[in-house]
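All remarks here apply to the structure that follows.
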Amino acid sequence: MVFYFSTRSESGGELTIFMGLDKHENEDLIKYGFPEDIWFHVDKMSSAHVYLRLRKGQTMDDISEDVLQDCVQLVKANSIQGNKVNNIDVVYTPWSNLKKTASMDVGQVGFHNTKMVRTVRVDKRNNDIVNRLNKTKVERKTDLKAEREAVDAAERTEKKHQQRDKKRHEDLERLEKEKQAELRSYKGLMVSENMTSNKQIASGNKSMQEMEEDFM
């Protein structure tokens, strides 16, 4: 079971926040995440693994302050220990920066690059934010593997279409260049033939004049 929440930035646009039911589903979320996913967790404490799914092309720098607060408050509220104390830190990083090794326990993760991990200090729980998010909560049994495979297949198909369109465009450009080169060559040939004909006429006139002089 995966829990889904809706958040909206002040600048407009709805985004999805989600988290797994337990550490076993967290494993699937780690394994079958998306490049657009941002992972959140209470630092140095046990908590839910919360994800924010951005739009394609967006990065951590595009997360607005209000959406960021929604995410960190949801993480705090879903930490048994972190929910009871003030002044905790929540860390977040892109899903692609999560590192999982065979020696790690279920639900445990590390980072490929610690420089890509950011920290937010959460002074205390904001019930207004947590209650608002809980009103949007939807529980759904999701086949995360199948969902990721379907998206990957759609992206491969789109990439093939883009490559096909690119090749078609390049072929049309090549044919047009060849056509223009052929036209330039034909025009050059016509000019050359005209010059030759004019010389022949001039040469013929001179010969006629010489013949008339010889006759006189």
Side-chain angles (χ1 to χ4, degrees), residues 1-101 104-134 136-138 142 144 147-148 151:
M1 189 72 67
V2 179
F3 302 105
Y4 295 90
F5 306 82
S6 295
T7 181
R8 180 179 292 275
S9 65
E10 293 180 354
S11 59
E14 189 172 291
L15 296 171
T16 298
I17 305 173
F18 57 98
M19 61 184 183
L21 174 65
D22 53 34
K23 62 182 181 179
H24 297 288
E25 284 194 334
N26 286 337
E27 284 291 295
D28 286 342
L29 290 173
I30 295 167
K31 188 175 182 180
Y32 301 113
F34 284 55
E36 296 80 25
D37 293 343
I38 306 298
W39 174 88
F40 291 80
H41 195 277
V42 175
D43 191 28
K44 299 183 175 87
M45 294 182 187
S46 175
S47 78
H49 291 220
V50 174
Y51 292 82
L52 170 68
R53 180 155 294 171
L54 299 174
R55 298 183 184 85
K56 285 187 178 297
Q58 290 186 318
T59 67
M60 287 195 299
D61 294 330
D62 297 309
I63 301 176
S64 62
E65 181 61 29
D66 49 334
V67 170
L68 182 63
Q69 288 302 315
D70 281 2
C71 292
V72 299
Q73 284 293 332
L74 193 60
V75 173
K76 176 176 171 56
N78 287 276
S79 170
I80 295 176
Q81 183 181 359
N83 191 42
K84 297 176 182 178
V85 297
N86 294 332
N87 299 315
I88 66 168
D89 289 331
V90 172
V91 294
Y92 65 106
T93 194
W95 165 81
S96 59
N97 192 40
L98 298 180
K99 181 176 69 175
K100 183 73 181 181
T101 64
M104 292 179 176
D105 292 335
V106 175
Q108 183 181 2
V109 294
F111 308 114
H112 293 290
N113 184 357
T114 56
K115 292 182 179 180
M116 293 180 64
V117 180
R118 298 182 183 179
T119 302
V120 178
R121 173 54 60 96
V122 183
D123 297 331
K124 60 182 180 179
R125 171 169 170 152
N126 187 320
N127 287 321
D128 290 339
I129 291 179
V130 175
N131 292 338
R132 170 171 52 78
L133 290 172
N134 282 330
T136 71
K137 182 179 178 180
V138 175
T142 304
L144 296 170
E147 185 179 79
R148 177 60 193 264
V151 170

Begin with the C-alpha distance, continue with both residues' side-chain angles, and end with the deciding distance and a verdict on side chain to side chain contact (heavy atoms under 4.5 Å, CB included) for Trp39 and Val109.
-> CA-CA 11 Å; Trp39 174 88; Val109 294; 3.7 Å; yes
Any side-chain heavy atom of Phe18 within less than 4.5 Å of one from Leu29?
-> yes
Considering all heavy atoms, the nearest Asp105-Glu27 contact | O-OE2, 4.1 Å
After noting the C-alpha distance and the side-chain angles of Cys71 and Ile17, does the key distance pass the side chain to side chain contact (heavy atoms under 4.5 Å, CB included) rule?
-> CA-CA 7 Å; Cys71 292; Ile17 305 173; 3.8 Å; yes
Can you measure from OG1 (Thr136) to OH (Tyr4) and round to the nearest 0.5 angstrom?
-> 13.0 Å
Below 4.5 Å, heavy atoms only, C-beta onward: do Val91 and Phe40 meet side chain to side chain?
-> no
Output for pair (Lys137 NZ, Leu74 CG), nearest 0.5 Å, gives 8.5 Å
Measure the shortest side-chain to side-chain distance between Tyr92 and Met60 over non-hydrogen atoms and say whether it is less than 4.5 angstrom.
-> yes
State, to 0.1 Å, how close Lys124 and Asn86 come at their nearest heavy-atom pair, and which atoms those are.
-> CB-OD1, 3.4 Å
Measure the shortest side-chain to side-chain distance between Tyr51 and Ile30 over non-hydrogen atoms and say whether it is less than 4.5 angstrom.
-> yes
Any side-chain heavy-atom pair from Leu54 and Thr59 closer than 4.5 angstrom?
-> no
Examine distances only and state if a side-chain atom of Lys100 and a backbone atom of Gly110 form a donor-acceptor pair shorter than 3.5 Å.
-> no
Any chance you could lay out the side chain to side chain contact (heavy atoms under 4.5 Å, CB included) test for Ile63 and Gln58, step after step, and finish with the verdict?
-> CA-CA 8 Å; Ile63 301 176; Gln58 290 186 318; over 6 Å; no
Counting heavy atoms not belonging to Leu21, are there more than 12 under 6.0 Å from its CG?
-> yes
Is it true that Arg132 and Asp70 have a side-chain N and a carboxylate O under 4.0 angstrom from each other?
-> yes
Nearest-0.5 Å distance that lies between atom CG in Asn113 and atom NZ in Lys99 = 10.5 Å
Gly20 backbone acceptor or donor facing His49 side chain under 3.5 Å = no
Apply the test side chain to side chain contact (heavy atoms under 4.5 Å, CB included) to residues Asn87 and Arg121: give CA-CA distance (whole Å), side-chain angles for both, the deciding distance (0.1 Å), then the verdict.
-> CA-CA 6 Å; Asn87 299 315; Arg121 173 54 60 96; 3.6 Å; yes
Taking all non-hydrogen atoms of both residues into account, name the closest pair between Val42 and Ser79 and its distance.
-> CG2-CB, 3.9 Å
Can you see which heavy atom on Leu133 is nearest to which on Ser6, and at what distance?
-> CD2-O, 3.5 Å
Contacts of Phe34 that satisfy ring-ring contact (aromatic ring centres under 6.0 Å, His included) - sequence neighbours left out | none
Test item: Arg8 and Asp66 side chains (from C-beta on) under 4.5 Å apart, heavy atoms = no
Going from CG on Asn97 to CG on Asp37, what distance comes out if it is rounded to the nearest 0.5 angstrom?
-> 13.5 Å
Test item: Gln69 and Ile129 side chains (from C-beta on) under 4.5 Å apart, heavy atoms = yes
When rounded to the nearest 0.5 angstrom, what distance separates OG1 in Thr16 from CD in Glu36?
-> 12.0 Å
Within a strict 4.5 Å, meaning less than it, do heavy atoms of the Gln73 and Arg125 side chains meet?
-> yes
So CG of Asp123 and NZ of Lys76: to nearest 0.5 Å the spacing works out to 9.5 Å
Just wondering, more than 12 heavy atoms not from Lys44 lying within 6.0 Å of its NZ?
-> no
Under the 3.5 angstrom rule, does the side chain of Thr7 hit a backbone N or O of Leu15 as a donor-acceptor pair?
-> no
